[in-house]
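Report on the following structure.
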There are 2 protein chains.
Amino acid sequence: MNAANQEIKRGRKYGQVLNGAWEVFRRDGFEGASVDDIARESGVSKATLYSYFPDKRLLFLEVAKGECCRQATESSDLIPCKAAPVTVLTGAATRMVDFFLSDFGMRVFRICVAESDRFPELGREFYRNGPALARARLVDYFHEAEARGELRITDKDLAADQFAELCKADLFSRLVFGIGGPISAEDRARVITGAVETFLARYGVAG
Amino acid sequence: MNAANQEIKRGRKYGQVLNGAWEVFRRDGFEGASVDDIARESGVSKATLYSYFPDKRLLFLEVAKGECCRQATESSDLIPCKAAPVTVLTGAATRMVDFFLSDFGMRVFRICVAESDRFPELGREFYRNGPALARARLVDYFHEAEARGELRITDKDLAADQFAELCKADLFSRLVFGIGGPISAEDRARVITGAVETFLARYGVAG
DNA sequence: GAAAAGTTGAACTGCCCGGTTCATCTTTTC
DNA sequence: GAAAAGATGAACCGGGCAGTTCAACTTTTC
């Protein structure tokens, strides 16, 4: 992470541009964001912006990549522990729900979906740095728990995907399609405990 | 459904425009579609198009609404039967997977997500005419099956959402984010049977 | 068969936006 | 403190697109 390893960045206000651009992109999407807006938001002239990035596309890609990395590193601290599966899974479910209900999660998802034709690599990059990590961590935990005789799972990849999917029940559609009012703490609790119970009904070891 | 109940439509080529517009919208999205393209695709002059619809937005809304209705009516034929839950649920899962893996399902989803800021009512309309119907049908079936002693479900709404969500495991991310190659019949079968098994592990009646 | 209703194509307006240019100003560097 | 590097802003270009207009043409209607 020394200062000279990036071939693109030169000049003092590189960071400002990335921050401002991310702000505008996540507010207006790729097409919706105008370069003038980004320059204004960044507190930087358009000429300066274009001295950093050859075009809007590249700027967007750089912003998205950086943001994904940031998110990935800062959420990778919590690791599976030896508590009872109910506890561990409830914790994991809570974090997942927190993430995709967050402003950030939702906006990134929206942009990925909307712009996936223009930027096929964007969706992959996001998945790799987000959902894929969570999934890998879950699978690791499954192995440990199975070794301890707490779970019994043959297809661990599928199980991890199912668990993640169960956490989205109801909540996700409501958010994506704008159904129902704001999501209350009770709504979240209902889905989380429901997910854990269903998951354990299938993969938990009786007793 | 008489011919004169629509206040907007007048003129011979109304249908052509709707068809052509849907074609272009689903290919290029809302922003990506140009009105000239739509007119060309519809085999209609721009002037004619604008004589039907005051602007692009209204045209899009009308197209989307119509398409949702069409989809809703033509998929509402299959109803829950008295077969064993495994059979019924497998059938339901297959239909759900078929739908959201279809070109249509994916495109509508993409447009809804991308355009939900511009058209909040669009997402709601789609959900009402699509997922909500499937959910209601599932809940109905749950009632019947429970009366027959085949299932035991307290929160039937949540169960329906969970089932739908389980059907998306793995497949959905792959499609949305463009991960992995094309989805094979084996992939689908794996997810479908997995969904049914997990669901029945939780809500099925032992024996 | 003539009037009315509908359709056409093409040109035109106005706007927004991505990207460029440049003379001038500020900061860094030594 | 002067040269070099970076930043400025405002003007400008070119292109694409939504929406308008209109005189000529086709179809419907009675």
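- Considering only residues two or more places apart in sequence or on other chains, Ser184(A) meets the side chain to side chain donor-acceptor pair (under 3.5 Å) condition with Glu186(A), Asp187(A).
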Exercise. Can you give one letter per nucleotide of nucleotides 9-18 of chain C, going 5' to 3': B for a protein heavy atom under 4.0 Å from the base, S for sugar-phosphate only, - for none?
Worked result: B-------SB

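- The stretch residues 20-28 of chain A has no heavy atom under 4.0 Å from DNA chain D, so no residue of it qualifies as close.
- For Leu49(B) and dC17(D), the CG to P distance is 15 Å, given to the nearest whole Å.
- Taking atom NZ of Lys13(A) as the reference point, atom C1' of dT8(D) lies 8 Å away to the nearest angstrom.
- OP1 or OP2 of dT7(C) sits under 4.0 Å from a side-chain N or O of Tyr52(B).
- Residues that satisfy the side-chain contact (heavy atoms from CB on, under 4.5 Å) test with Thr48(B), not counting sequence neighbours, are Val44(B), Ser45(B), Ser51(B), Tyr52(B).
- Rounded to an integer number of Å, the gap from CZ of Phe53(B) to C1' of dG6(C) is 15 Å.
- Salt bridge present: Asp170(B) and Arg190(B) bring a charged side-chain N and a carboxylate O closer than 4.0 Å.
- In this structure, Ile38(B) atom CD1 and dC17(D) atom C1' are separated by 12 Å, rounded to whole Å.
- Of all heavy-atom pairs spanning Lys56(B) and Glu31(B), the tightest one is NZ-O, 3.7 Å.
- Listed by chain and residue number, nothing satisfies the side chain to side chain donor-acceptor pair (under 3.5 Å) test with Asp55(B) (two or more places apart in sequence, or in another chain).
- The ring pair (Phe, Tyr, Trp, His ring centres under 6.0 Å) check on Phe142(A) picks up Phe199(A), with sequence neighbours excluded.
- Between the CZ atom in Arg135(B) and the CG atom in Asp140(B) there is a gap of 12.0 Å [rounded to 0.5 Å].
- Once rounded to the nearest 0.5 Å, the distance linking OG of Ser42(A) with CD1 of Ile38(A) reads 7.0 Å.
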